[in-house]
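Read through the structure below, which is laid out as structure tokens, and then see the notes.
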Amino acid sequence: MLDLIILSLHFFICFLISVAIWRGPKDVDLHSSSTGTAEMEPDGLILIGKEDDIKRSQRITAKVNGREIVVFYHEGKFHAMDSRCYHEGGALCLGEIEDINGQACIICPWHKYKITLETGEGLYEGINPLEPSPTPQWQSKGVKQRIHKVTIDNGNIYVSPPDLSVSFDSDYFADKYKNSGDLAMEK
């Protein structure tokens with residue numbers, strides 16, 4: 001009997017998760033030219049959307065030069081990064097934002113990797129086995145996720161095109177999903 005209850009609870013939770021994903025953040029594909037690149041403003045910035053719209057939705061996914069990015073609005077600040085997790089390409093637009101050691105982090109929905117919104121650092125809990133009573137401490141793996149500079153002008157949100165002269169772990173999945181038809185939903 002207990003097995004039946006646990007199994008029913010499992011299916012109910014899976015149903016709730018699928019509804020949350022289905023009703024989750026809506027994606028935007030910027031109108032692009034035939035080459036698959038978004039229109040650039042004269043100053044080189046790329047228009048993502050209206051400030052009020054992004055504040056209302058808390059996040060938006062867009063394509064910049066064929067590359068998926070996600071812009072988050074969290075605690076009064078805008079953050080932009082590659083929309084695919086550096087670990088295995090999880091859709092970060094579907095992740096939850098949590099505070100870890102005073103840093104806002106997106107939690108990848110696939111494998112729960114933690115990435116700071118501000119810097120793109122991957123975080124993990126590690127212990128020092130030489131301590132008499134080792135306790136886990138949050139530590140950095142270094143910058144793993146490409147961050148994009150956000151500019152607000154006249155109620156519009158812009159991002160700077162990525163500087164591809166410096167590479168990040170997330171570049172692999174940004175390239176893998178580049179120009180795919182379905183923003184952030186496929187695995």
Side-chain angles (χ1 to χ4, degrees), residues 20-86 89-100 102-109 114-123 143-171 173-186:
I21 290 172
W22 178 69
R23 293 183 51 91
K26 301 302 177 206
D27 298 322
V28 170
D29 189 8
L30 299 177
H31 296 289
S32 56
S33 69
S34 60
T35 61
T37 59
E39 290 235 0
M40 272 195 199
E41 298 293 313
D43 55 4
L45 297 177
I46 300 166
L47 176 66
I48 298 300
K50 295 286 185 193
E51 180 179 6
D52 290 339
D53 293 340
I54 299 171
K55 282 181 177 179
R56 196 172 13 265
S57 68
Q58 301 290 301
R59 59 187 73 187
I60 188 170
T61 304
K63 288 211 177 187
V64 173
N65 299 340
R67 182 186 199 102
E68 289 180 15
I69 66 159
V70 59
V71 178
F72 296 101
Y73 179 72
H74 181 71
E75 295 183 350
K77 293 173 101 177
F78 289 94
H79 307 275
M81 63 176 49
D82 285 350
S83 73
R84 296 297 182 152
C85 178
Y86 71 90
L92 295 178
C93 69
L94 301 176
E96 297 295 321
I97 296 176
E98 291 182 15
D99 180 74
I100 298 176
Q103 299 181 85
C105 295
I106 186 71
I107 311 303
C108 180
K114 285 114 178 96
I115 304 164
T116 63
L117 293 179
E118 194 75 34
T119 64
E121 287 178 271
L123 298 182
V143 177
K144 301 290 189 176
Q145 197 76 21
R146 182 177 295 279
I147 299 298
H148 303 270
K149 183 176 183 268
V150 177
T151 303
I152 305 167
D153 185 37
N154 253 357
N156 292 319
I157 300 296
Y158 299 88
V159 296
S160 299
D163 174 9
L164 299 177
S165 68
V166 178
S167 65
F168 295 93
D169 291 3
S170 66
D171 290 340
F173 290 102
D175 287 340
K176 180 177 178 180
Y177 290 96
K178 194 171 189 173
N179 296 320
S180 67
D182 190 18
L183 281 170
M185 297 308 284
E186 58 202 33

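Counting begins at 1 with the first residue of the sequence.
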*Compare every heavy atom of S83 with every heavy atom of E68, then report the nearest pair and how far apart it is.*
OE1-OG, 2.7 Å
*Taking only residues two or more places apart in sequence, or in another chain, which ones meet Q58 in a side-chain hydrogen bond (donor to acceptor under 3.5 Å, both in side chains)?*
none
*With a 4.5 Å heavy-atom cut-off, do V159 and L45 have their side chains touching?*
no
*Taking the side chain as every heavy atom from C-beta outward, state whether I115 and M81 have any atom pair closer than 4.5 Å.*
yes
*asked:* Just to verify, what does D153 make a side chain to side chain contact (heavy atoms under 4.5 Å, CB included) with, not counting sequence neighbours?
replied: Y158
*Compare every heavy atom of V143 with every heavy atom of T119, then report the nearest pair and how far apart it is.*
O-CG1, 3.5 Å
*Taking S170 for its side chain and C85 for its backbone only, find out whether a donor-acceptor pair lies under 3.5 Å.*
no
*Taking all non-hydrogen atoms of both residues, which atom of K63 and which atom of Y177 are closest, and how far apart?*
NZ-O, 4.4 Å
*If you round to the nearest 0.5 Å, how far is CG of D171 from NZ of K176?*
15.0 Å
_By side-chain hydrogen bond (donor to acceptor under 3.5 Å, both in side chains) - contacts of T151 (at least two apart)_ = none
*State, with a plain yes or no, whether a side-chain heavy atom of L164 is found less than 4.5 Å away from one of R146.*
yes
*Residue pairs passing the salt bridge (charged side-chain N to carboxylate O under 4.0 Å, His left out) test where at least one lies in residues 71-83, sequence neighbours excluded*: R67-D82, K77-E118
_I need the I147 CD1 to S160 OG distance, nearest 0.5 Å._
12.5 Å
*Can you name the residues that form a salt bridge (charged side-chain N to carboxylate O under 4.0 Å, His left out) with K149, not counting sequence neighbours?*
none
_Any pair counted as ring pair (Phe, Tyr, Trp, His ring centres under 6.0 Å), so long as it reaches residues 48-77, sequence neighbours left out_ = Y73-F78
May I have the list of side-chain donor-acceptor pairs in residues 89-100 shorter than 3.5 Å, sequence neighbours left out?
residue	atom	partner	partner atom	Å
D99	OD1	Q103	N	3.4
D99	OD2	G102	N	3.4

*Check whether any side-chain heavy atom of V64 lies under 4.5 Å from a side-chain heavy atom of I48, and answer yes or no.*
yes
*What pairs with K144 under side-chain hydrogen bond (donor to acceptor under 3.5 Å, both in side chains), at least two apart in sequence or on another chain?*
D169
_Quick check: do C105 and L117 have side-chain heavy atoms less than 4.5 Å from each other?_
no
*Under 4.5 Å between any side-chain heavy atoms of T61 and I69, yes or no?*
no
*Not counting sequence neighbours, which residues clear side-chain hydrogen bond (donor to acceptor under 3.5 Å, both in side chains) with D53? List them please.*
R56
